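The shown structure was predicted, so the numbers you read here are calculated from the model rather than taken from an experiment.
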Amino acid sequence: MVQMIDSFEREVVEYVKPNHGTTTLGFIFQGGVIIAVDSRASQGSYISSQTVKKVIEINPYLLGTMAGGAADCQFWERNLGRQCRLYELNNGKRITVRAASKLLANTMFSYRGMGLSMGTMVAGWDHAGPGLYYVDSDGQRTKGKVFSVGSGSLYAYGVLDEGYRWDLSVDEAVELGQRSIYHATFRDAASGGTVSVYHVTESGWTKVRGEDVGELHFKYYPEPERHPCNLVDPLAG
C-alpha cells in the first residue's frame, strides 16, 4: 500500500476535482495595465453565484485575479498580501511586481500535486514600471504583456488579438478589456455576471467599470437581427 500512495493520491484528486469556469484577462499598454474579469461562479453545470469578486486587491499597487478554485485563489492571494506587507515592514520599501509573483509561485510550488486549482495573474506597478505575470497551481510563473485565463479565455483572446495595440488610449484599452470579457461570457456558459475593469498606473489601481453583461449585450447589439448569431447565411439554400 505504501508503494501505491502516489497513484492513490492522483486518483483521489481526479475524483474530487470540480469543474471550474471563469474569464479573466490582463494586458500592458502605454497607459499602464488593464485587468478585466467576469463575476460568475459555477459548480459543474450549476451557477452558484453571479457576484464573485475575482480581483484580489493585494495592496494599493498590486492586483491578483482568480481563476480555478475560488477558495484556493482567495486564500493564497490574501496570504500573498500578508507576505507583501511583511516585506514592506522588513525592508522599508514596497515590493516589486516581480518579487510578489515569485513569492506566490514559490508557495504554489511547495503545494504542487496536493489538489490546488489556481490560474492567476499578478499585475501592478513598481519602480521599473508596469508588470504582469501569470502564476498557476503547478508553480509555473510567466512574464508577459497579454494574458487571458479561464474557460472563456480563448474567446477573450479572439477579441484581444484583434484589438490590442501598445499605443491604445486609456479609454480604448478599458473598452477593449470590457468588450473581450463580454464576448467570452456570451460564448462560455461558465462565465457571466458583471464585467469589472481595473486600471493600474504609477499612482496605483482604480476600478473604472463594473457593468452587467446583459446590459452590455444590448449596448453592443441594440438591434438583435444585427448580431452575428442572427445573420443570414449567404450560402444557405
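- Residue-environment remark: CZ (Arg165) exceeds the threshold of 12 foreign heavy atoms within 6.0 Å.
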Practice prompt. Could you go through the side chain to side chain contact (heavy atoms under 4.5 Å, CB included) check for Trp166 and Tyr164 one step at a time?
Written response: CA-CA 7 Å; Trp166 173 259; Tyr164 175 77; 3.7 Å; yes
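- Atom-to-atom distance recorded for Arg85:CZ and Leu80:CG is 14.0 Å, nearest 0.5 angstrom.
- A distance-only check finds no donor-acceptor pair linking the side chain of Thr65 to the backbone of Thr120 [under 3.5 Å].
- Side chains of Ser39 and Lys53: a donor-acceptor N/O pair is absent below 3.5 angstrom, by distance only.
- Around the OH atom of Tyr157, the shell of radius 6.0 Å holds more than 12 heavy atoms that belong to other residues, nucleotides or ligands.
- A continuous path of hydrophobic side-chain contacts links Ile58 to Val97 [ILVMFWY only; heavy atoms under 4.5 Å].
- The heavy-atom pair separating Glu88 from Ile95 by the smallest distance is CG-N, 4.3 Å.
- Each of Leu104 and Val55 belongs to its own hydrophobic cluster when Ile, Leu, Val, Met, Phe, Trp and Tyr are linked at side-chain heavy-atom distances under 4.5 angstrom.
- The main-chain N or O of Thr194 is never found under 3.5 Å from a side-chain atom of Asp212 such that the two would form a donor-acceptor pair.
- Nearest approach of Ser110 to Thr107, heavy atoms of both residues: OG-O, 2.6 Å.
- The two residues Phe147 and Thr142 make their nearest non-hydrogen contact at CZ-O, 3.5 Å.
- Checked by atom type and distance alone, the side chain of Asn91 never pairs as donor or acceptor with a backbone atom of Lys93 at under 3.5 Å.
- At least one donor-acceptor pair closer than 3.5 Å links the side chain of Ser48 to the backbone N or O of Ala41.
- Ser137 places a side-chain N or O within donor-acceptor distance of the main-chain N or O of Met118, the cut-off being under 3.5 Å.
- Looking at Ile34 and Phe29, their side chains come closer than 4.5 Å, going by heavy atoms from C-beta outward.
- Gln30 contributes a side-chain N or O that, together with a main-chain N or O of Leu168, makes up a donor-acceptor pair within less than 3.5 Å.
- Neither side chain, Glu211 nor Tyr182, offers a donor N or O lying under 3.5 Å from an acceptor on the other.
- Annotation: Tyr87, atom OH; neighbour count of heavy atoms from other residues, nucleotides and ligands within 6.0 Å is above 12.
- In Glu202, the CD atom is not crowded: 12 or fewer heavy atoms of neighbouring residues, nucleotides or ligands sit closer than 6.0 Å.
- A heavy-atom distance below 4.5 Å is found between the side chains of Met66 and Val52.
- In this structure, Gln74 contributes its side chain and Ala71 its backbone to no donor-acceptor pair below 3.5 Å.
- At a threshold of 4.5 Å between non-hydrogen side-chain atoms, the residues Trp205 and His199 do not count as touching.
- Distance NZ/Lys207 to CG/Leu63: 11.5 Å, rounded to 0.5 Å.
- Heavy-atom minimum distance, Leu176 versus Ser180: O-OG, 2.7 Å.
- Exactly one residue among Ile181, Val149, Ile35 makes a side-chain contact (heavy atoms from CB on, under 4.5 Å) with Thr24. That residue is Val149.
- Taking the centre and axis of the six-membered ring of Tyr133, the NZ or CZ atom of Arg98 falls outside the cone set by 45° and 6.0 Å.
- Leu25 and Leu154 sit in two unconnected hydrophobic clusters of ILVMFWY residues. Membership requires side-chain heavy atoms under 4.5 Å apart, directly or through other members.
- Considering every non-hydrogen atom in both Val122 and Ser101, the closest pair reads CB-CB, 4.3 Å.
- Hydrophobic clustering of Ile, Leu, Val, Met, Phe, Trp and Tyr side chains at less than 4.5 Å, counting indirect connections, unites Trp76 with Met114.
- Within the model, atoms OG of Ser148 and CE of Met121 stand 6.5 Å from one another, a figure rounded to the nearest 0.5 Å.
- Taking every heavy atom of both residues into account, Ser151 and Ala190 meet most closely at OG-CB, 3.9 Å.
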Item to complete: Kindly indicate, with the supporting measurements, whether the criterion side chain to side chain contact (heavy atoms under 4.5 Å, CB included) is fulfilled by Arg209 and Val174.
Response: CA-CA 8 Å; Arg209 288 195 189 174; Val174 170; 3.4 Å; yes
Practice prompt. Applying side chain to side chain contact (heavy atoms under 4.5 Å, CB included), run through Glu175 and Val197 and close with a yes or a no.
Written response: CA-CA 9 Å; Glu175 178 61 25; Val197 184; over 6 Å; no
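- Asp138 contributes atom CG, which lies 10.5 Å from atom CE of Met108 (distance to the nearest 0.5 angstrom).
- A donor and an acceptor atom, one from each side chain of Thr22 and Asp38, are located under 3.5 Å apart.
- Using bins of under 30°, 30° to 60° and over 60° for the plane-to-plane angle, the ring pair Tyr221/His183 lands in the perpendicular bin.
- Under the 3.5 Å distance criterion, the side-chain polar atoms of Ser153 are left unmatched by any main-chain donor or acceptor of Thr23.
- With no hydrogens or angles considered, no side-chain donor-acceptor pair links Ser191 and Arg40 at under 3.5 Å.
- If you chain together hydrophobic residues whose side chains sit under 4.5 Å apart, Val213 and Val159 fall into the same group.
- Gln178 has its side chain within reach of Lys219: a pair of non-hydrogen atoms, C-beta onward, lies under 4.5 Å apart.
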Item to complete: Please lay out, stage by stage, how Gln140 and Val135 fare under the test side chain to side chain contact (heavy atoms under 4.5 Å, CB included).
Response: CA-CA 6 Å; Gln140 176 184 341; Val135 180; over 6 Å; no
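- Within the 3.5 Å criterion, the main-chain N or O of Tyr61 finds a donor-acceptor partner in the side chain of Asn59.
- At least one donor-acceptor pair closer than 3.5 Å links the side chain of Asn90 to the backbone N or O of Leu86.
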